[in-house]
J.: 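Dropping the structure in here first, questions after.
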Amino acid sequence: MKLFLAVVLSLVLVACATAPTDPAQAVYQMKSNYAAALTVAVAYKNLPPCGANVTVTTTDNVTRTQRAILCSDQKIVAQLQHADDVAWPALQAAENTARTPGAGANAQTAIVAARQAVQALLAITATLQVK
Amino acid sequence: MNPAAIMYALQILNAIPQLIATGQNVMGIVNQGTVALQNMIAEKRDPSPAEWDAINAQIAGLRANLHNPDVSPGA
């Protein structure tokens, strides 16, 4: 499972192979990568919480309740939510600046700030593993 | 194999379709973003308002899910 998530996140890095030529394109690319990372974060969050029980039914209708073995750690979910709370305003600010004509150096500053915030979320999603 | 082990194996098997769907979603987003960016570069232009709106709406939906405590686990 850990390998699967790592493979999924590696796709995000592949997406970086296309180099944007101006600030607006750079912010758009960051947002696209961010959406991909959020997809992984949401999938992790939607797993049953660790410690919870799940009901499993076999094809011959034998049902058993057991501890979830594919589960999400609620502390990690909180970290993902916090990273998103930090990254999203930075991304929005970068978009607003990049879409402002003549933003120049301000756009570069906003992009650097947004990139750092996005990296924080990517760093967490890259280490996700299903317990 | 004892029944508990079979049930644990079933738990993992039941999760595989969701993991595959997640992978496909991520691939779709990555491909979509790459194609859009390549078009922008080829056409020497910035993202259009519609392209900004689309990516922002996509992220808004994901953020709502990430922060929504009412989304049932396993959904």
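Computed from a predicted model, the values in this text were never measured in an experiment. A note on names: the letters A, B, ... follow the listed sequences, proteins ahead of strands, and every chain is numbered from 1.
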J.: Would you find a donor on one side and an acceptor on the other, under 3.5 Å apart, between the side chain of B/Gln11 and the backbone of A/Arg67?
T.: yes
J.: Would A/Asp85 and B/His67 count as a side-chain contact (heavy atoms from CB on, under 4.5 Å) if you check the C-alpha gap in whole Å, the side-chain angles of each, and the deciding distance to 0.1 Å?
T.: CA-CA 10 Å; A/Asp85 285 336; B/His67 291 275; 3.2 Å; yes
J.: So, A/Gln25 side chain and B/Leu37 main chain: donor-acceptor pair closer than 3.5 Å or not?
T.: no
J.: Please flag which part of A/Asp84 lies under 4.5 Å from any non-hydrogen atom of chain B: side chain, backbone, both or neither.
T.: both
J.: Hey, does the side chain of A/Lys45 reach the backbone of B/Asn68 with a donor-acceptor pair shorter than 3.5 angstrom?
T.: yes
J.: Checking B/Ile55 against chain A: side chain, backbone, both or neither under 4.5 Å from a heavy atom?
T.: side chain
J.: State, to 0.1 Å, how close A/Ala36 and B/Val30 come at their nearest heavy-atom pair, and which atoms those are.
T.: CB-CG2, 4.1 Å
J.: Under a 4.5 Å heavy-atom cut-off, does chain B meet the side chain of A/Thr57, its backbone, both or neither?
T.: backbone
J.: I need the residue from B/Gly61, B/Pro47, B/Gly28 with the largest number of non-hydrogen atom pairs under 4.5 Å to chain A.
T.: B/Pro47
J.: Hey, could you give me the OG1/CG distance between A/Thr39 and B/Leu62, rounded to the nearest 0.5 Å?
T.: 4.5 Å
J.: Output the distance between atom CD (A/Gln29) and atom CE (B/Met40), rounded to the nearest 0.5 Å.
T.: 10.0 Å
J.: How many angstroms lie between CD1 in B/Ile41 and CG in A/Asp22, if you round to the nearest 0.5 Å?
T.: 8.5 Å
J.: Need one label for A/Val56: side chain, backbone, both or neither, based on atoms under 4.5 Å from any heavy atom in chain B.
T.: both
J.: Please check if A/Val86 and A/Leu121 belong to a single hydrophobic cluster, counting links between Ile, Leu, Val, Met, Phe, Trp and Tyr side chain heavy atoms closer than 4.5 Å.
T.: no
J.: To the nearest 0.5 Å, how far apart are CE in B/Met7 and OG1 in A/Thr65?
T.: 9.0 Å
J.: Would you say A/Ser32 and B/Ile29 make side-chain contact, with heavy atoms under 4.5 Å?
T.: yes
J.: Can you confirm whether A/Trp88 sits close enough to B/Ile59 that some side-chain heavy atom of one is under 4.5 Å from a side-chain heavy atom of the other?
T.: yes
J.: Which heavy atom of B/Leu66 sits nearest to which heavy atom of A/Gln81, and what is that distance?
T.: O-NE2, 2.7 Å
J.: Taking all heavy atoms of B/Thr22 and all of A/Ala43, pick out the closest pair and write down the distance.
T.: OG1-CB, 3.4 Å
J.: Taking all heavy atoms of B/Trp52 and all of A/Tyr28, pick out the closest pair and write down the distance.
T.: CH2-N, 3.8 Å
J.: Will you find, in the side chains of A/Asn46 and B/Gln18, an N or O donor that is under 3.5 Å from an N or O acceptor?
T.: no
